[in-house]
Every structure is written in C-alpha cells, then in structure tokens.
Amino acid sequence: MIKFFLMVNKQGQTRLSKYYEHLEINKRTLLETEVIKSCLSRSNEQCSFIEYKDFKLIYRQYAALFIVVGVDDTENEMAIYEFIHNFVEVLDEYFSRVSELDIMFNLDKVHIILDEMVLNGCIVETNRARILAPLLILDKMSES
Amino acid sequence: MVVPSLKLQDLIEEIRGAKTQAQEREVIQKECAHIRASFRDGDPLHRHRQLAKLLYVHMLGYPAHFGQMECLKLIASPRFSDKRMGYLGAMLLLDERQDAHLLITNSIKNDLSQGSQPVQGLALCTLSTVGSAEMCRDLATEVEKLLLQPSPYVRKKAVLTAVHMIRKVPELSNIFLPPCAQLLQERHHGILLGTITLITELCEGSPAALRHFRKVVPQLVEILRTLVTSGYSAEHSISGVSDPFLQVQILRLLRILGRNHEDSSETMNDLLAQVATNTETSRNAGNAVLLETVLTIMDIRSAAGLRVLAVNILGRFLLNSDKNIRYVALTSLLRLVQSDHSAVQRHRSTVVECLQEPDTSLSRRALELSLALVNSSNVRSMTRELQGFLESCPPDLRADCASGILLAAERFAPTKRWHIDTILHVLTTAGTHVRDDAVANLTQLIGGAQELHAYSVCRLYSALAEDISQQPLVQVAAWCIGEYGDLLLEGSCEETEPLQVEEEEVLVLLEKVLQSHMSLPATRGYALTALMKLSTRLRGDNNRIRQVVSIYGSCLDVELQQRAVEYNTLFRKYDHMRAAILEKMPLMERGGPQVDEEAEESKEARLSEAAPVPTEPQASKLLDLLDLLDGTSGDSQHPPLDPSPGGTLVHLLDLPCAPPALAPIPNVKVFEREGLQLNLSFARPSEIPALLLITATATNSSGSDVTHFVCQAAVPKSIQLQLQAPSGDTVPAQGGLPITQLLRILNPNKAPLRLKLRLTYNHFGQSVQEIFEVNNLPLETWQ
C-alpha cells in the first residue's frame with residue numbers, strides 16, 4: 001500500500017503531504033527533509049527508486065517540484081511511477097498547465113483530487129474525466 | 001477593533017514573503033492567535049476558512065491540535081464547503097490517539113445514511129483513513145449497504161473503506177465476503193479495482209477465504225483477457241495499455257490465488273503467456289504490467305516454458321536503457337536466482353556488465369546477483385570480474401564485495417594456489433574491509449597446503465615489502481615469514497621469479513612492522529613471534545633478534561611485554577629448548593567457533609614455554625582454559641597435565657557448544673499441533689557429567705506461517721536450567737527454516753528430570769498457548 005504522498009520543491013518546502021499511515025508530526029518534517037535530500041542527491045542517470053528505511057521511494061521530478069511516493073514492499077514500483085504521471089496529468093487538465101503556484105494556492109482542491117484517486121493507500125480511480133467530475137460540479141455549485 | 005481575517009491565499013503570500021525562519025514563525029504565530037480567537041468566538045461563517053489556514057500551517061509542521069473541535073463542528077454543519085473542510089481537517093489532524101476521534105462517529109453515521117453522494121464520498125474517505133477499530137465495528141453495516149447502491153461513485157469508495165475495515169478488525173471479513181462475487185461482475189473499472197483489492201486483502205487474511213476465492217479464478221482470467229485483447233479504449237488507455245493499474249492488481253491477486261495450487265495455476269498459464277507476449281513494451285505502463293506478470297509466473301506453479309519466458313523477459317529488461325527497468329529486473333532476478341538458477345545463469349554476462357553502473361543502488365543489486373551466480377564452472381572468470389569491480393567500487397560496497405569474493409573462493413576454489421592468490425589479491429586491494437576471520441582462514445589454508453609454502457611465503461614477502469599498512473595482510477605475512485622463513489631464504493621457488501632475500505632484509509622488514517604506528521597491537525604480536533621463530537630458522541647469529549626482543553621487554557603494551565619477557569627468558573635460560581619449542585607448527589584444525597586462531601597459536605607458544613617453568617602463576621589458568629577451549633587441537637607438544645575440575649569452570653565460562661555428541665540419546669517429539677512440531681534432541685558432553693544440552697527444534701509443515709513463537713521451560717527445584725536465545729521467532733510454512741533453541745540443564749544430584757514447556761505462538765491467524773509436561777524423557781538424560 002502507499003504509505004505517503006509528498007510534493008516537495010527543490011528548496012525543501014513541502015507543497016502537499018498526505019500520510020496514509022500515522023506518523024508523529026515532528027517525525028514528518030524529519031522524513032520530508034531526508035527524503036528530499038536523497039532525491040536531490042540523485043543525478044539524471046540514476047533510477048527513480050530509492051530504498052529508505054523500510055519504505056521504497058518512487059520519485060519523479062517536474063520542473064522544480066519533486067513528487068515522492070513512499071510504498072511498502074508489496075507494490076509494483078513501475079505502476080506507481082506511472083501513477084504519479086497520471087496524477088500530474090489530471091492536475092494539468094484541471095488547472096490547465098499546472099504550476100507550483102497553482103498547487104500552493106489551491107491546496108484543498110489538490111487534496112480533493114488526490115482523495116479521488118487514492119483511498120487509504122490504494123489506487124481507486126485513474127480515469128481523468130471521472131476524477132474531475134465531482135470537482136467540476138463543486139465548482140459550478142460554488143459559483144452559482 | 002476586529003482585524004479582518006486573512007483569506008488563505010493572503011496568508012500564503014505572507015508566509016512566502018517572510019525572508020527568514022524567524023519571520024515566518026512570527027507570521028504564523030500571529031495568525032494562529034487570530035484563528036484561536038475566532039474559534040473561541042464561534043463565528044460560523046468563516047470557520048472553514050480559518051480551518052483551511054490552520055491546515056496549511058499544520059502542513060508546514062506547526063502544531064495545530066486546537067483545531068480538532070472545530071473539525072467536528074464543521075462536519076456537523078449542513079453546508080458542503082464546511083463539511084469538506086471539516087473532513088479534510090479530520091483526516092489530517094485527528095487520528096486514533098486523539099480523544100476527539102470517537103466523536104465524529106455519529107456524524108459519519110448520519111452522513112453515510114442520509115447524505116448526498118458527494119457527502120457520502122467524503123465520509124467514506126475520512127473513515128477509511130482514520131477509522132479506528134470501534135468506529136469500524138459500528139459503521140460496518142452502513143458501509144455494507146453502500147456497497148450495493150447503484151451509484152458507482154459511492155460504491156468504489158465503499159469497497160476500499162471495506163478494505164480498511166478488514167485491516168483493522170479482521171472479524172468483519174465475514175460481512176464483506178459475500179458481496180464480492182456480485183461486485184466482480186461490474187464493468188466499472190473503479191469498482192473492479194476496489195473489489196480486487198478487497199479480495200486480495202481477504203485472501204491474505206485467512207486461508208479459508210483463499211480457498212473460497214479460488215473459484216473465481218476463471219472469472220478473473222476472463223476480465224484480464226478482455227482487458228488485454230480489447231482494442232484501444234479512450235476511457236482507460238494509458239500509453240497504449242488498457243488500464244494498466246487494473247491489470248497489475250488482477251495479476252497480483254492471481255499470484256496469491258495460484259501460489260502452491262496446481263489447478264488454478266493451470267487455468268492461468270495461457271493467459272499469462274498471452275499477456276507476456278502481447279503487451280507493449282515501449283512505454284513504462286506496459287513494462288509495469290510485464291513486471292507483474294513475470295513475478296506472478298515465478299510464484300505460481302507454472303509450466304517450465306513459461307518460466308523460461310519470464311526469465312527471458314527479465315533478461316530483455318536488463319538490456320533496456322532505462323535505469324528504472326534495469327533496477328526492477330535486477331531485483332526480480334535476485335528473487336529468482338535460488339529457484340531457477342540455470343535460467344538466470346544465461347544472463348550472467350549482462351549482470352556483470354551492470355556492475356559498472358554509476359548508480360549505487362543498481363551496482364549493489366548487480367553485486368548481490370553476481371555473487372549468487374558464482375558456481376564451480378565460472379568461478380575463475382567471475383572472480384576476475386569481481387576483483388576488477390573491487391578496485392573501483394564505492395567504499396560502502398567494498399566490505400560486501402570483499403567478503404563475497406572470499407566466500408565464493410572458499411566454496412568453489414579450483415586449486416589451492418588459486419585460492420591463496422585470490423585471497424591475497426583481496427587483502428592487498430581491500431585489506432581494511434575484510435572480515436576478521438579472513439586472517440585465520442588464510443593461515444589455516446596456507447598451513448595445510450604443504451607444497452605451496454614456498455610459493456606463499458615468497459608472494460607474501462613481496463606484498464609486505466611493498467605495503468605494511470593493510471593489517472590483515474601484514475598479520476598473515478608476518479606469520480608466514482616466521483613459519484617458513486627458511487624457505488624464503490632459499491629463494492628457490494619455481495612458481496614465481498626467484499627472489500633473493502637476505503636475512504638482514506627480512507629482519508629489517510619485521511622490525512619495520514613492529515615499529516610502524518600503523519600496526520595494531522595484534523599485528524605487533526604476530527611480528528614479534530615471527531622474529532622469535534626466525535631465530536631458529538636463520539643461520540646467522542641472533543644478536544639482532546635478541547636486541548629487539550629485550551627492547552620490547554619494557555614495552556607499554558602488556559601483551560607484548562609479557563611475550564618479550566618470556567622470549568628473553570627463552571634465550572637466556574632455556575636456549576637448549578628453543579629449537580624444539582619453535583619448530584614448525586602442525587596443521588591447525590578448524591578450531592571451535594569461539595577460538596581465535598591467533599589466540600590459539602600464542603597460547604600454544606606460551607604453553608610450551610610454561611612447561612619448564614611451572615611456577616609461573618598464569619600458566620596453569622591458561623592451561624585450563626586451553627584444555628577446555630582447544631579440545632580438538634592436535635599439537636603434539638602438549639605436555640600431559642591433568643585437567644582441572646571442569647565443574648566450576650563451566651559456570652564461569654559460558655560456552656555455547658556445538659555439542660560433542662557421545663552416547664547418542666534418541667530424539668523425542670514432544671508436541672504436535674496442526675503441522676507445528678517440537679522435537680527435543682539431547683547431548684551429554686563427557687567431561688561434564690552433570691550437564692545436559694537439549695536442543696528444541698520447531699518445524700512447520702502446515703500451509704501457514706507460525707509467528708511470535710516463544711518457548712519457555714521449567715524444571716524441578718534441584719535442577720538448574722538455562723534457556724538461551726532462540727534462533728528466531730517465525731517458522732515459515734511448508735517446512736521452512738525451523739527455530740532452534742538451546743536449553744542447558746545442570747543436574748549434579750542426578751535427580752529425575754521433569755520438564756514443563758509453555759509455548760505461545762500465532763498460527764492460522766489465531767494466537768495459541770500450550771502448557772504441557774514432557775513425560776517421555778529417556779532415562780539417559782538424567783542418570
């Protein structure tokens with residue numbers, strides 16, 4: 001199962017964090033700094049899977065933002081790698097060419113999207129239209 | 001004056017504007033004070049906005065526990081935006097350890113039964129993330145109802161919430177098992193994905209469910225086949241593969257169902273072959289599916305042809321330019337190498353190439369795999385490659401590589417000379433990283449290879465002359481020079497270029513070792529003893545040696561000082577015995593597990609010298625130690641001394657024994673339940689008649705692992721019992737590695753032995769406790 005989902009930028013600032021298994025709050029910041037440090041120290045030729053304590057980290061870099069997903073041993077790393085890209089595509093469609101600022105200022109919407117896609121550490125929905133449908137309805141409701 | 005509250009966006013702007021940590025903290029603290037005040041005042045309109053800010057601050061790592069009650073209030077409010085924020089807050093701030101946790105149960109219950117679909121969705125999401133065991137029990141029926149609702153949006157979430165509930169409260173699986181069959185017939189991929197996860201969770205939890213779900217294997221095969229063979233479907237296609245996530249999940253479930261089960265595996269064979277051949281490999285999504293297929297093929301009882309196909313796919317992955325794919329290929333091959341050794345051997349050359357990767361995680365995997373692939377036919381070429389790697393590898397891999405090479409050399413060495421060469425090479429390149437027993441192994445090896453004495457001593461001498469910093473090398477070289485110095489001086493070795501060595505040079509070298517600040521005390525000991533031995537081997541006079549030895553008589557290191565003093569005495573008073581004492585050592589047997597070879601030889605040397613000086617007080621104690629430790633050493637110079645009463649020393653020295661078995665006492669089976677067996681085997685060492693060693697072995701022939709296995713024992717008061725730590729606490733299923741535990745029983749009064757055992761363990765998902773008395777102990781155990 002997915003243990004946590006993080007979006008951290010190159011300076012080490014967390015833009016999104018979602019933990020599917022309980023972790024103390026001070027341990028979280030520690031985890032995030034260590035994770036971003038190991039991701040930053042990798043070069044382009046190295047593979048995107050890191051072993052960290054008892055998790056496996058799968059990360060992808062988009063411009064200045066790292067999306068890091070921590071999973072346990074049972075998950076297929078390449079499927080998660082694909083999933084990260086899927087998530088970014090969904091964000092792209094919703095925000096039309098998403099950037100880091102979009103994520104920062106619309107954090108609650110990004111959470112909603114993530115909740116639509118991952119429930120309790122398991123992937124539930126990957127179809128873009130179906131993920132965004134409730135969000136678009138919500139937007140329409142709040143406008144009117 | 002009421003300061004208007006900031007919107008979330010403005011807060012974020014402010015935080016971004018803060019230049020330093022301190023400034024940021026200030027901004028946040030000010031805002032938190034506002035938020036707290038606003039919560040106290042209870043302004044309903046802006047509550048969700050305040051909570052949003054609080055959650056942002058929480059994400060940055062600041063404490064936010066005062067917002068918990070607000071979450072509750074927001075959840076209870078009828079407005080959707082409030083509910084949304086409240087549930088989000090609950091997910092992030094509340095967890096099982098908080099007291100406010102249980103209070104949301106009621107709100108969730110209401111929302112689940114009466115809310116609109118989005119609201120139900122929110123409630124399910126929160127429940128599945130933070131639901132505690134009690135909450136799950138309360139709300140199980142609600143969730144079950146939602147499973148059968150027509151709307152797919154809610155159903156897919158309800159299914160995954162069920163997964164969470166089962167994880168928390170395994171008894172609830174009874175409720176969620178029946179709907180699965182119906183859910184599998186859905187066409188909506190979201191529901192299917194959730195259902196497969198649910199079934200996977202159920203099967204992992206209980207073997208009964210596993211048997212039940214074997215029936216749906218054909219259905220799963222059909223679903224997967226449709227996915228693979230259907231053409232492009234805009235809804236689900238990701239880079240040309242039709243819903244790879246669902247495919248991967250189904251494959252994983254098939255793996256669990258087919259493991260160790262012939263029929264299911266047969267049904268899957270065709271399908272797996274089809275998936276393996278049809279999937280697009282140019283993009284990552286296809287490769288993900290292929291990887292899962294390969295893992296499934298290897299785990300179930302598949303046909304041989306299929307397994308070869310799987311290994312070939314992995315081989316293809318290895319040649320791929322994408323690092324990620326190579327990484328997973330190496331990891332999977334490592335898992336397979338035990339079971340399908342020959343198939344993996346075919347890809348050996350590619351694996352060896354991967355050693356050169358700049359990425360450490362890849363090269364580490366490649367190293368492990370290469371070491372696993374070494375066998376007697378390829379050992380020479382593999383070792384050469386590995387040695388090349390050792391020279392250039394990053395430091396954290398050095399130790400593993402060095403020990404790996406040494407181990408492989410030990411198991412598969414074609415000739416002794418090659419073996420010695422290899423170890424020598426490893427010691428010179430990575431001397432500081434080898435394990436401690438490498439020195440012992442090498443000395444024993446050289447000692448045993450009589451024909452190679454001259455060769456080894458020449459090589460070691462040249463290596464030592466070049467470099468005296470690598471301690472293991474120096475130790476072995478010093479020992480060798482001491483033992484075979486005469487062969488070195490003859491210089492007549494056919495296998496290397498003839499080396500003309502003068503006596504003076506040898507002595508100078510050894511003195512250099514003695515004086516160097518890089519030498520460890522142990523190394524110095526070796527060098528000093530070697531010098532001593534050379535005094536008999538060399539033909540010149542011994543003044544130089546005597547000088548050095550007497551200097552060290554006042555050395556600060558107590559070990560060295562004692563040796564030097566003894567050697568001095570040997571020169572002065574016992575010169576006539578010197579030659580006999582310092583003869584060549586006979587071959588050492590591989591000593592008992594705790595005996596350090598170096599300690600052994602130094603004690604033997606001291607033993608021989610102490611024989612003519614029985615007044616030396618330490619000698620007798622050493623002899624006793626030696627007697628008990630060195631039971632198998634074949635040193636012919638051992639003077640006959642009566643062994644001191646073994647009884648008292650047994651208590652002082654806790655000897656973990658490889659039991660020297662005498663008068664074999666039959667094994668006894670004392671316990672058996674559902675495939676878990678406990679056997680006792682006995683040994684009574686002859687030197688200590690009161691001691692009985694019992695080895696308790698727990699084996700598991702059932703289909704489910706035994707975990708948290710703890711065995712405790714009790715004996716009557718007149719008997720002493722000592723329980724040592726077990727080898728582990730898990731016995732894997734199907735005859736996996738058994739747990740052994742040693743019990744030491746001292747029964748000096750020869751009282752009748754009674755033994756009561758208490759076992760606690762987890763088996764088939766239940767915890768078991770058994771207390772029983774062993775009543776079939778053979779008489780020989782205590783008489």
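So that the names make sense, note that chain A is the first sequence line, chain B the second, and so on, each numbered from 1. Only a predicted model underlies this, so the values are computations on that prediction, with no experimental measurement involved.
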Go through [options] and name the one with the most non-hydrogen pairs under 4.5 angstrom from chain A.
options: B:Leu295, B:Asn324, B:Leu160; value: B:Asn324
options: B:Met85, B:Arg167, B:Gln247; value: B:Arg167
options: B:Leu246, B:Thr197, B:Val328, B:Thr331; value: B:Val328
options: B:Lys157, B:Gln249, B:His189; value: B:Lys157

Stacked cation flag A:Arg130 on B:Tyr153, 6.0 angstrom / 45 deg: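 Cation-pi check for A:Arg130 and B:Tyr153: fails.
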Basic-acidic side-chain contact under 4.0 Å: A:Asp102, A:Arg97: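 Salt bridge between A:Asp102 and A:Arg97, a charged N being under 4.0 Å from a carboxylate O: no.
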Test: A:Glu75 and A:Lys3 ion pair at under 4.0 Å: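 Looking at A:Glu75 and A:Lys3, the cut-off is not met.
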So which part of [X] gets closer than 4.5 Å to some heavy atom of chain B, the side chain, the backbone, both or neither?
X: A:Ile58; answer: neither
X: A:Leu6; answer: neither
X: A:Ser48; answer: both

Candidate list A:Tyr59, A:Phe87, A:Phe66, test ring-ring contact (aromatic ring centres under 6.0 Å, His included), partner A:Phe5, passing option: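 Exactly one option meets the ring-ring contact (aromatic ring centres under 6.0 Å, His included) with A:Phe5, and it is A:Phe87.
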As an exercise: rank [options] by heavy-atom pairs under 4.5 Å with chain B and give me the winner.
options: A:Gln13, A:Met1, A:Glu32, A:Glu125; result: A:Glu125
options: A:Leu119, A:Leu16, A:Ile123, A:Ile80; result: A:Leu119
options: A:Glu116, A:Glu77, A:His85, A:Arg128; result: A:Glu116

Per-residue contact mode, B:Arg252 against chain A (heavy atom under 4.5 angstrom):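 Contact with chain A involves the side chain of B:Arg252 alone.
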Distance-minimising heavy-atom pair for A:Arg15 and A:Leu107: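 In terms of heavy atoms, the two residues are closest at O-CD1, 3.2 Å.
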Non-hydrogen atoms of A:Tyr20 and A:Ile2 that approach each other most closely: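 What the structure gives for the nearest pair is CB-O, 3.4 Å.
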Evaluation steps, ring pair (Phe, Tyr, Trp, His ring centres under 6.0 Å), between A:Phe4 and A:Phe55: CA-CA 10 Å; A:Phe4 55 83; A:Phe55 309 122; 5.2 Å; yes
Side-chain donor-acceptor pair present, A:Tyr94, A:Asp139, cut-off under 3.5 Å: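 Yes, a side-chain donor-acceptor pair sits under 3.5 Å.
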